[in-house]
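Accompanying notes for the structure given below.
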Amino acid sequence: MWERLSDSRVWLSAATLVATVATAGSLWFSLGLGLTPCDLCWYQRILMYPLVVVLGVATVEGRAAVSRTALPFVGLGLILSAYHSYLQATTAECTLGGPCAAVQWQSPVIGFTIPNLSLVAFGLLAVLLVGMWVRVGR
């Protein structure tokens, strides 16, 4: 029992760290760099920010069953960030009427844009939560 508990806490701690870094990064882009989030960025933030609290509390309590709560947020975030990345790569206009296709920032080293980073974060969360679900149990 204790082995399962500590194993789930490792997975949950990693997921909480990913969600926290993604949240801090989004705040740095808007508050630190002064970039205005587009509509799709706001939707992705709405899906990421609560995960910090949900996963953090689940880590403290050792609740592996949080996957059932967190995975819908992560799945929607994956879809939105993939669509946002697709828009930036293929078009100059957003169907939402905002600047969603405009690249406001791009990593100088690997060339990722903000939606690409969001996609990586949601992808990591999906891997961690599904991995925990498979490894630790439902």
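Here the side chains of Leu80 and Phe122 are not in contact, with every heavy-atom distance at 4.5 Å or above. Leu119 is not listed as a side-chain neighbour of Tyr86, based on a closest heavy-atom distance of 4.5 Å or more. Here the side chains of Leu55 and Thr20 are not in contact, with every heavy-atom distance at 4.5 Å or above.
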Report task. I would like to know whether Phe73 and Val54 meet side chain to side chain contact (heavy atoms under 4.5 Å, CB included); could you show each step before the answer? Result -> CA-CA 11 Å; Phe73 285 89; Val54 169; over 6 Å; no
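Tyr83 and Leu125 fall within the same hydrophobic cluster, where Ile, Leu, Val, Met, Phe, Trp and Tyr residues are linked whenever their side-chain heavy atoms come under 4.5 Å apart, directly or through other members. Placement of Val21 and Val109 in two distinct hydrophobic clusters is found when ILVMFWY residues are connected by side-chain heavy-atom separations under 4.5 Å, directly or transitively. Leu17 and Val130 end up in different hydrophobic clusters when Ile, Leu, Val, Met, Phe, Trp and Tyr side chains are linked at under 4.5 Å. Grouping the Ile, Leu, Val, Met, Phe, Trp and Tyr side chains by contacts below 4.5 angstrom, directly or via other members, places Leu47 with Leu78. Connection of Val60 to Val52 is not established within any shared hydrophobic cluster, with ILVMFWY side chains joined at heavy-atom distances below 4.5 Å, either directly or through further cluster members.
Taking the side chain to side chain contact (heavy atoms under 4.5 Å, CB included) definition, one finds that Val127 meets it with nothing, sequence neighbours left out. Take Ser13 and apply the side chain to side chain contact (heavy atoms under 4.5 Å, CB included) test, not counting sequence neighbours, and it matches Thr59. By the side chain to side chain contact (heavy atoms under 4.5 Å, CB included) test, Leu124 pairs with Val18, Val120, sequence neighbours left out.
By the 4.5 Å side-chain criterion applied to Ile, Leu, Val, Met, Phe, Trp and Tyr, Ile79 is assigned to no cluster and stands alone. Grouping Ile, Leu, Val, Met, Phe, Trp and Tyr residues whose side-chain heavy atoms lie under 4.5 Å apart, directly or via other members, places Val53 in a hydrophobic cluster with Val57.
Considering every non-hydrogen atom in both Ser26 and Arg45, the closest pair reads O-NH2, 2.6 Å. Counting all heavy atoms, side chain and backbone alike, Leu51 lies closest to Ala70 at CD2-CB, 3.8 Å. Minimum heavy-atom separation, Ala64 to Met132: O-CE, 3.3 Å. Contact between Trp42 and Pro37 at its shortest, heavy atoms only, is NE1-O, 3.5 Å. Taking every heavy atom of both residues into account, Met48 and Ala22 meet most closely at CE-CB, 3.9 Å.
In this structure, OG on Ser67 lies 10.0 Å from CG on Leu128, to the nearest 0.5 angstrom. Between Leu71 atom CG and Leu76 atom CG the span is 11.0 Å, to the nearest 0.5 Å.
The list of side chain to side chain donor-acceptor pair (under 3.5 Å) pairs with a residue in residues 116-129, not counting sequence neighbours, reads Gln44-Ser118, Ser85-Asn116, Thr113-Asn116.
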